[in-house]
Amino acid sequence: MSTPPKEANPIKESVNLPQTDFPIRAGLINLEPELLEQWQESNLAEAISTKQSQATKRWILHDGPPYPNGNIHMGHALNKILKDIIVRTKTMQGYASPYRPGWDCHGLPIEIQLLKQLQKEKNTELKADIPAFRNRCKEFALNYVETQKDDFKRLGINATWNTPYLTLDPHYEAEVIRCFGKMADNGLIYKGRKPIHWCMHCETALAEAEIEYDEHRSPSITVAFPIKTKSDALTRVIGDQNTHFLVWTTTPWTLPANVALAANSEYDYVAFNCEKGTFIAVKELVEKITEDAELGPITIIGSVKGAQLIGSVAHHPFIERESPVLNADFVTNEDGTGFVHIAPGHGQDDYFLGLEHQLPIIMPVDDKGHFTKDVPAWEGQQVFEANKAIGMHLEEAGKLIKLKFIKHSYPHCWRCKNPVIFRATEQWFVGMDRKMTHTGNTLREDALQAIKDTKWYPDWGEKRIRSMVEGRPDWCISRQRSWGIPIPAITCTGCGESLTGGKTNEHIAQFVRKHGTTAWFESDVTDIVPGASCPSCSGTAFKKESDILDVWFESGASFMGVLETDPAMTNPAAMYLEGSDQHRGWFQSSLLIGIGAMGKAPFESVLTHGFIVDEKGQKMSKSQGNVIAPEKVVKQYGADILRWWCAGTDFKNDVAISDNILNQARDSFGKVRNTIRFMLSNLADFEFETEAVLPSELTPIDAWILTQFNALLGKCNTHIANFDFHQLVHNVHDFCAVTLSGQYLDVVKDRLYCDSKKGLSRRSTQTTIYQMADALIRLVSPILVFTAEDAYRHFNSNNKETSIHLTALPTQIPNAQINQTDWSHFAEIKGAVYQELEAMRKNKEIKSFLEVKVTITTPTPPNIGNIAELLIVSQANVIKGNSVSYNIEKLPDEKCERCWRFLPTTQNLCTRCAPEVTPV
RNA sequence: GGGAGGAUAGCUCAGGUGGUUAGAGCGCACGCCUGAUAAGCGUGAGGUCCCAGGUUCAAUUCCUGGUCUUCCCA
């Protein structure tokens with residue numbers, strides 16, 4: 001690194017200046033691709049895996065499969081980098097920790113994207129040809145699997161990239177089907193009719209995970225329901241007056257499905273007269289309603305408790321149908337009228353109330369959201385469009401009291417962004433509260449127990465997922481789509497009985513393993529399940545199920561498709577690690593299937609990280625213009641900077657990124673790298689095996705720095721154990737910036753450069769630096785995978801592996817005892833002396849600290865070696881005295897030409913340096 | 001609307017089971033060095049610990065209510 005002297009200068013040449021080929025600039029942008037290529041050629045991944053295969057203990061991190069429909073974003077990068085760091089530290093701790101990546105290949109997003117593509121190709125009829133359509137979906141998915149694979153590889157992620165698990169792999173699909181079969185055998189799977197979110201554009205049921213809430217403009221109408229039968233209490237209040245209940249709804253189109261009204265028995269209701277007639281509404285809202293609807297002056301006739309209304313019956317406003325008044329505590333007195341219209345075919349609350357009171361489920365809306373012939377007046381009309389006609393009809397009948405429009409939060413389809421409706425359809429479910437034959441408990445009970453038995457990082461994750469599992473409804477696992485695994489069930493055409501488990505399932509699983517699930521859509525039932533006969537009616541004619549499974553069911557079964565079937569894995573896995581959104585997603589689906597199919601959770605611990613936000617803490621969005629793509633960061637800074645940033649941030653919270661933050665990560669990284677570089681450069685002429693000194697021979701400052709370094713290693717071990725990498729990064733950085741650079745290396749430069757080349761002091765320091773450099777490189781290697789490798793290659797050692805990534809995490813370095821009190825005393829002395837020296841420099845009395853001699857008086861002179869060296873001044877004395885004081889004097893201008901210290905010289909050389917110069 | 005996180009210097013993070021002037025590093029300013037040089041060293045200035053109440057001799061810490069923000073749900 002030093003430029004050769006222009007002319008021979010024996011003094012200059014005698015100085016042992018640092019030397020290394022480890023470049024001053026990291027050059028990550030060029031270095032990283034080169035190393036990746038070299039690792040590929042030398043098959044480093046294989047070497048790591050071979051080393052792991054000798055390990056006796058296993059620690060498996062099971063990869064949650066990302067969705068292959070685009071390039072990776074920063075969230076993916078954060079997730080995979082964290083996983084990589086953890087797996088690498090486990091590997092370096094001696095665990096077999098193979099990391100097998102996966103992709104979640106089926107599902108609606110790919111279908112939607114493909115449909116758009118087909119539209120461009122003017123080839124929309126392909127959608128009807130399910131096998132052909134599925135083949136295109138597959139092509140699409142596999143294409144992005146490769147894209148994302150390349151993206152991840154570029155980040156330095158070490159994984160079995162050649163053998164990923166894909167949810168579209170027939171072997172994997174067969175295991176999903178087996179999970180379904182086991183759950184069916186355990187009594188969990190049932191078929192039912194239930195209102196679910198339905199997207200009429202995508203013509204599919206949507207899972208809760210597929211719903212987004214957004215602003216929507218809805219009509220808000222108040223409808224008069226004529227009272228047909230009054231309860232006794234109500235009769236006492238209004239007599240035989242012709243009276244109406246005021247009912248509020250924002251979905252007029254569900255009125256044809258109305259079968260009841262709900263009131264809250266806790267509230268007071270009043271009957272009042274006005275120009276338009278006699279009405280009943282909840283007391284708290286009467287004023288608001290009459291004002292809103294401009295009913296004019298009103299007269300209150302009487303009041304009645306909500307409970308006394310129950311049992312009354314209203315007449316449907318435009319259909320020959322009765323509508324009984326039922327009690328429901330979801331009716332509020334904050335909005336509306338105190339009466340809620342109930343349509344069990346179109347609402348969750350309505351459905352449960354209907355179950356309770358055995359109400360019929362009327363659902364006159366087809367897949368496209370159009371009224372069926374059951375609503376002759378508006379048959380064929382799309383429901384949102386029919387709102388207007390229904391309103392007009394009510395108006396004409398004199399039943400419409402008020403119509404306005406409101407903007408409110410309303411569920412939308414996550415893909416097509418259109419508002420969705422609630423609609424009762426035939427679906428498959430996993431029952432949360434059915435007794436399971438294999439454990440005797442319900443799925444909910446066992447899942448809650450398993451949550452307790454799992455270690456959650458951070459700990460509040462447990463509370464979060466527990467409340468979700470406690471409150472969640474049965475899991476609707478069917479989808480009316482084509483890109484996925486079919487619901488593995490066949491139905492008797494004679495009696496309608498469905499076969500799901502047992503032998504049927506074995507046949508289907510076997511068939512799928514051999515032919516894949518696309519063949520399901522092409523084959524006859526008899527080819528898939530030969531010789532089936534109905535246990536109910538002994539019929540032998542069956543039809544295949546045409547729905548597919550929720551993709552969360554597929555990915556949730558990955559423990560079966562991967563952990564259970566891959567001999568390199570363990571089931572359960574030691575850890576699942578994803579963003580905190582997966583408490584509802586993958587963690588939960590994995591847990592439910594794990595319990596439902598095999599009676600245990602597929603993970604021992606679950607770690608979650610936060611989401612990527614910008615420096616202001618706001619989420620990334622195209623509209624905000626604050627999106628930072630990993631690809632761009634890799635190109636501009638290098639993957640190691642991205643990794644250093646990932647590791648240096650507290651991922652339990654949301655993770656902020658910006659140019660400012662990345663620049664800081666780059667600077668921080670640079671400090672660590674440069675410190676390592678300086679250490680390496682002072683080992684060029686050192687051979688550890690023959691020249692190292694014994695711990696007992698170490699000079700005081702070397703023993704001191706090793707004590708500090710061992711303390712750092714101790715802390716870092718704890719941080720690794722707790723997955724607190726940000727603390728490790730901070731500790732390592734601060735250690736490099738302050739303890740090493742400022743307090744140790746700066747001091748030790750003089751002896752490295754000027755002391756006798758093979759003398760004890762220099763070798764003591766080289767021994768120290770050698771061991772610290774070795775340990776430091778290994779310590780950061782799980783994070784800085786490229787830089788550590790580069791440094792390791794430039795590390796002058798005879799005892800190296802072929803790659804840093806085949807080494808172990810560092811352990812404590814053998815050291816001599818030090819006197820802590822002496823060193824803390826010295827720290828005080830140094831602080832005080834430096835303040836004075838700085839003042840002198842400000843006053844222009846001196847320029848460099850080397851110009852002075854320091855005399856320290858103290859009752860307890862520290863025994864820590866040469867004080868002048870430690871203070872980096874030319875001369876120093878420590879005198880024993882009663883109190884502490886410092887005297888600083890400027891030395892006469894007599895300077896050693898070799899070590900630049902102000903010392904008595906002969907021929908321009910001090911007594912230390914003179915013997916080191918070989919005369920020409 | 002409900003549940004769960006988070007909020008400490010410009011930035012990334014420590015910390016305190018309540019107790020004098022709340023820490024670190026980076027960045028910044030000023031200076032030094034030119035034998036770590038697209039490097040290195042020193043000194044220094046930066047904080048209403050999100051806001052408002054309450055409990056207390058004492059609150060950044062405990063309690064209550066907000067604000068902003070993230071995730072999940074409706």
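Just so it is clear, the values below take in all heavy atoms, side chains as well, and ignore hydrogens, waters and symmetry mates. Just so we're clear, the structure is a prediction, and the values are computed from it rather than from any experiment. The chains referred to below are lettered A, B, ... by the order of the sequence lines, with proteins before strands, and numbering in each begins at 1.
Nucleotides B/rG44 and B/rU56 are separated by 38 Å at their C1' atoms, to the nearest Å. For the C1' atom pair drawn from B/rG42 and B/rC71, the interatomic distance equals 46 Å after rounding to whole Å. A distance of about 27 Å separates the P atoms of B/rG1 and B/rU61, rounded to the whole Å. Of the C1' atoms belonging to B/rA59 and B/rA22, the separation is 13 Å, rounded to the nearest Å. Nucleotides B/rG10 and B/rU55 are separated by 33 Å at their P atoms, to the nearest Å. B/rG23 and B/rA29 have their P atoms separated by 25 Å, given to the nearest Å. Comparing the P positions of B/rG2 and B/rG46 gives a spacing of 43 Å, expressed to the nearest Å. For the C1' atom pair drawn from B/rG25 and B/rC51, the interatomic distance equals 29 Å after rounding to whole Å.
The A/L17 side chain lies nearest to B/rG35 when the options are B/rC13, B/rG44, B/rG35. Here B/rU12 is the nucleotide among B/rU37, B/rU12, B/rC41 with the atom lying nearest to any side-chain atom of A/H730. Checked against B/rG35, B/rA4, B/rC41, the side chain of A/D746 finds its nearest nucleotide in B/rC41. For A/S741, the side-chain atoms get nearest to B/rC41 when compared with the rest of B/rU37, B/rG35, B/rC41. Checking B/rC26, B/rC33, B/rC72 against every side-chain atom of A/Q664, the shortest atom distance belongs to B/rC26. Considering only side-chain atoms of A/D734, the nucleotide from B/rA24, B/rG35, B/rG27 that sits closest is B/rA24. Between B/rC71, B/rC33, B/rA36, one nucleotide has an atom nearer to the side chain of A/K619 than all others, and that is B/rC71. Minimum atom distance to the side chain of A/Y834 is reached by B/rG42, of the listed B/rG42, B/rA39, B/rC26. Of all nucleotides listed (B/rG35, B/rC26, B/rA39), B/rC26 comes nearest to the side chain of A/H733. Nearest nucleotide to the A/Q727 side chain, out of B/rG35, B/rG40, B/rA14: B/rA14.
Between the side chains of A/Q624 and A/D614, no donor-acceptor pair of N or O atoms lies under 3.5 Å. For the residue pair A/D685 and A/Q766, a side-chain donor N or O sits within less than 3.5 Å of a side-chain acceptor on the partner.
For B/rG5, the OP1/OP2 oxygens have a side-chain nitrogen or oxygen of A/K463 closer than 4.0 Å. Here A/Q618 does not reach the OP1 or OP2 of B/rC68: none of its side-chain N or O atoms lies under 4.0 Å away. A close approach under 4.0 Å does not occur between any side-chain nitrogen or oxygen of A/R677 and OP1 or OP2 of B/rG40. Taking 4.0 angstrom as the limit, A/Y410 places none of its side-chain polar atoms (N or O) nearer than this to OP1 or OP2 of B/rA74. For the OP1/OP2 pair of B/rA14 and a distance below 4.0 Å, the side-chain nitrogens and oxygens of A/H726 include at least one atom meeting the criterion. Residue A/K830 places no side-chain N or O under 4.0 Å from the OP1 or OP2 atom of B/rU43. Under 4.0 angstrom from either OP1 or OP2 of B/rG40 there lies at least one side-chain N or O belonging to A/K671.
Of the options A/L752, A/D774, A/I769, a side-chain contact (heavy atoms from CB on, under 4.5 Å) to A/L683 is made by A/I769 and by none of the others.
Between A/F587 and A/Y576, the angle of the ring planes lies from 30° to 60°, which puts this pair in the tilted group. Taking the six-membered ring where the residue is Trp, A/H412 and A/H216 present perpendicular rings, their angle passing 60° and hence far from 30°. In this pair, A/F422 and A/H197 present their aromatic rings tilted. The plane angle is within the 30 to 60° band. Between A/F795 and A/Y770, the angle of the ring planes lies from 30° to 60°, which puts this pair in the tilted group.
We find that CG of A/L680 is positioned 18 Å from P of B/rA39, with the value rounded to whole Å. Between A/D459 atom CG and B/rG5 atom P the separation is 9 Å, expressed in whole Å. As rounded to whole Å, 13 Å separates atom C1' of B/rG42 from atom CG of A/L850. For the pair A/L728 CG and B/rA14 P, the computed distance is 13 Å after rounding to whole Å. One interatomic measurement links the two molecules: CG of A/N660 to P of B/rU12, which rounds to 8 Å at whole-angstrom precision. Rounded to a whole Å, the CD atom of A/Q582 is 9 Å from the P atom of B/rC72. Rounded to an integer number of Å, the gap from NZ of A/K895 to C1' of B/rG35 is 12 Å. A/I465 has its CD1 atom 15 Å from the P atom of B/rA4, to the nearest Å.
Residues A/H730 and A/H733 keep their aromatic ring centres 6.0 Å or farther apart. Taking the centre of each ring, A/Y834 and A/F849 come in below the 6.0 Å mark.
If you check every strand for non-hydrogen atoms under 4.0 Å, A/V729 touches nothing. Here A/W645 lies out of heavy-atom contact (under 4.0 Å) with every strand. Using a 4.0 Å heavy-atom cutoff across all strands shown, A/H583 reaches no nucleic acid atom at all. Residue contacts shown for A/T608 are absent, as no nucleic acid heavy atom lies under 4.0 Å away. Using a 4.0 Å heavy-atom criterion, one finds that A/S580 contacts the sugar-phosphate atoms exclusively. Residue A/R898 is classed as a base contact, given a heavy-atom separation below 4.0 Å to a base. If you check every strand for non-hydrogen atoms under 4.0 Å, A/K749 touches a base.
Glycosidic conformation, B/rG65: anti, with the torsion outside 90° of 0.
For RNA chain B, the neighbouring residues in residues 648-656 of chain A, judged by any heavy atom under 4.0 Å, are A/G648, A/T649, A/D650, A/N653, A/D654, A/A656.
Side chain of A/S668 to main chain of A/Q664: no donor-acceptor pair is present (N/O by atom type, distance under 3.5 Å, no hydrogens or angles). Between the side chain of A/D724 and the main chain of A/Q727, no donor-acceptor pair closer than 3.5 Å is present.
For a distance-only test at 3.5 Å, the side chain of A/E838 qualifies as a donor-acceptor partner of the base of B/rG42. Between the side chain of A/R584 and the base of B/rC71, no donor-acceptor pair of N or O atoms lies under 3.5 Å.
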For RNA chain B, the dot-bracket notation using Watson-Crick and G-U wobble pairs below 3.5 Å, [ ] for pseudoknot-type crossings and | for other-strand pairs, is (((((((..((((.....[...)))).(((((.......))))).....(((((..]....)))))))))))).

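Residues A/K194 and A/D474 are not paired through a salt bridge, judged by the lack of any N-O separation under 4.0 Å between the basic side chain and the carboxylate. The pair A/D581-A/R584 does not count as a salt bridge, with every side-chain nitrogen at least 4.0 angstrom from each carboxylate oxygen.
Each of A/L740 and A/R841 was assigned the nucleotide of RNA chain B with the nearest heavy atom; the assignment lying further toward the 5' end belongs to A/R841. Comparing A/V738 and A/V15 by the nucleotide of RNA chain B whose heavy atom lies nearest to each, the residue mapping closer to the 5' end is A/V738.
Few gaps surround CG on A/N843; more than 12 heavy atoms of other groups in view lie less than 6.0 Å from it.
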